Amino acid sequence: MKKDDFLEARPLKSDFYSLPTLELAQALLGCLLVKQTSEGTTAGYIVETEAYVGPEDKAAHSYNNRRTKRTEIMFHESGLAYTYQMHTHCLINVVSGGAGNPEAVLIRAVEPAAGIELMLERRQVKQRVALTNGPGKLTKAMGISMTDYGHPFTEPPLFIAPGLLPASISAGKRIGIENSGEAKDYPWRFWITDNPFVSRHQQALSVIEPKKG
DNA sequence: GGGGAGATCTACT
DNA sequence: GTAGATCTCCCCG
């Protein structure tokens, strides 16, 4: 792939986001996340996601249909950005499940594809791999913030475009949800097998053949 | 009006 | 391995 191919990238249409959340979390792997700012454009291939599956998932912010100012956007149509603040960081999700069904996919890591110089300016790190190998890291590197709350991923300046089809997808337990009862063991974390930008190494509970299309 | 919790990251030992 | 950073609510009082 040529260096500037991301400039040709066109957002995925809204019907892409009508996939069931667990399928969407896998379909997003390999896709290109693009953010344009006045400082420049950054893009990265999504290499790690987690599914948060609506009112029945104790680990989800929307558990028990909890509807607050923060979770409000999860109740809207699929394909919107759900950003929220976590300690000193901003995390970004893709709203899924359709209107009235509050589900989402957390983007946990990307592999830099464009704008790496700008990412390096935004994050002081020694190792390139540390630029975007975590949910709080990638938002800082790409200039994603709470002002992106509710933005549709189908249009600039923040959008998702087709990328590469992963050779293999691994599934395992989600990270950082130890206080979520039995939900903590659900295998709803997905990553591109052996990709170096994945946030944490973990035993895969299963390995999946990616779906084409 | 205030305490507490949280899907994290970094630095230091 | 663990502490501290430092934000936005929610919810109880």
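So you know, we letter chains A, B, ... as the sequences are listed, proteins then strands, and number each from 1. The shown structure was predicted, so the numbers you read here are calculated from the model rather than taken from an experiment.
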**Study point:** Integer-rounded Å distance: C:dT8 C1' and A:Lys69 NZ
**Key:** 9 Å

Check your understanding: Does the separation of the ring centres of A:His61 and A:Tyr84 fall below 6.0 angstrom?
Key -> yes

Check your understanding: Can you check whether A:Ser145's main-chain N or O pairs, donor with acceptor, with A:Asp148's side chain at less than 3.5 Å?
Key -> yes

Exercise for review: Could you tell me the separation between the CE atom of A:Met86 and the C1' atom of C:dG4, rounded to a whole number of Å?
Suggested key: 14 Å

Point to revise | Heavy-atom closest pair, residues A:Cys90 and A:Thr139 | key: O-OG1, 2.7 Å

Review point. Quick one: is A:Arg66 getting a side-chain N or O under 4.0 Å of the C:dC11 phosphate, OP1 or OP2?
Key: yes

Check your understanding: Taking any strand in view, what nucleotide pairs with B:dA7 in a Watson-Crick or G-U wobble way, both distances under 3.5 Å?
Key -> none

Practice item. Could you tell me the separation between the OH atom of A:Tyr82 and the C1' atom of C:dT8, rounded to a whole number of Å? Key: 11 Å

**Study point:** Watson-Crick or G-U counterpart of C:dT6, or none if no pair lies under 3.5 Å
**Key:** none

Check your understanding: Can you find a pair of side-chain heavy atoms, one from A:Phe16 and one from A:Leu24, that are under 4.5 Å apart?
Key -> yes

Practice item. Report which part of the nucleic acid A:Arg189 touches: base, sugar-phosphate, or nothing (heavy-atom distance under 4.0 Å, all strands). Key: nothing

Practice item. For A:Arg174, report the nucleic acid contact type (base, sugar-phosphate, nothing); a contact means any heavy atom under 4.0 Å. Key: nothing

Review point. Nearest nucleotide by nearest heavy atom, which residue falls closer to the 5' end of DNA chain B, A:Lys137 or A:Ser180?
Key: A:Ser180

Review point. Taking for each residue the nucleotide of DNA chain C with the nearest heavy atom, is it A:Thr68 or A:Thr88 whose nucleotide lies nearer the 5' end?
Key: A:Thr88

Point to revise | Between B:dA7 and C:dG1 - P atom distance, rounded Å | key: 22 Å

Check your understanding: Hey, does A:Leu106 reach any base, or is it just sugar-phosphate, or nothing, if we go heavy atoms under 4.0 Å?
Key -> base

Practice item. State whether the side chain of A:Arg174 and the backbone N or O of A:Ala183 hold a donor-acceptor pair below 3.5 Å, judged by distance alone. Key: yes

Exercise for review: Would you mind reading off the distance between A:Arg67 atom CZ and C:dC10 atom C1', rounded to a whole angstrom?
Suggested key: 17 Å

Check your understanding: On DNA chain B, which is the earliest and which the latest nucleotide, 5' to 3', with an atom closer than 4.0 Å to a heavy atom of chain A?
Key -> B:dG6 to B:dT10

Check your understanding: Counting distance only, does the side-chain N/O of A:Ser168 pair as donor-acceptor with the main-chain N or O of A:Val207 below 3.5 Å?
Key -> no

Point to revise | Between C:dC9 (P) and A:His89 (NE2): distance, integer Å | key: 18 Å

Check your understanding: Would you find more than 12 non-hydrogen atoms of other residues, nucleotides or ligands less than 6.0 Å from A:Asp15 atom CG?
Key -> yes

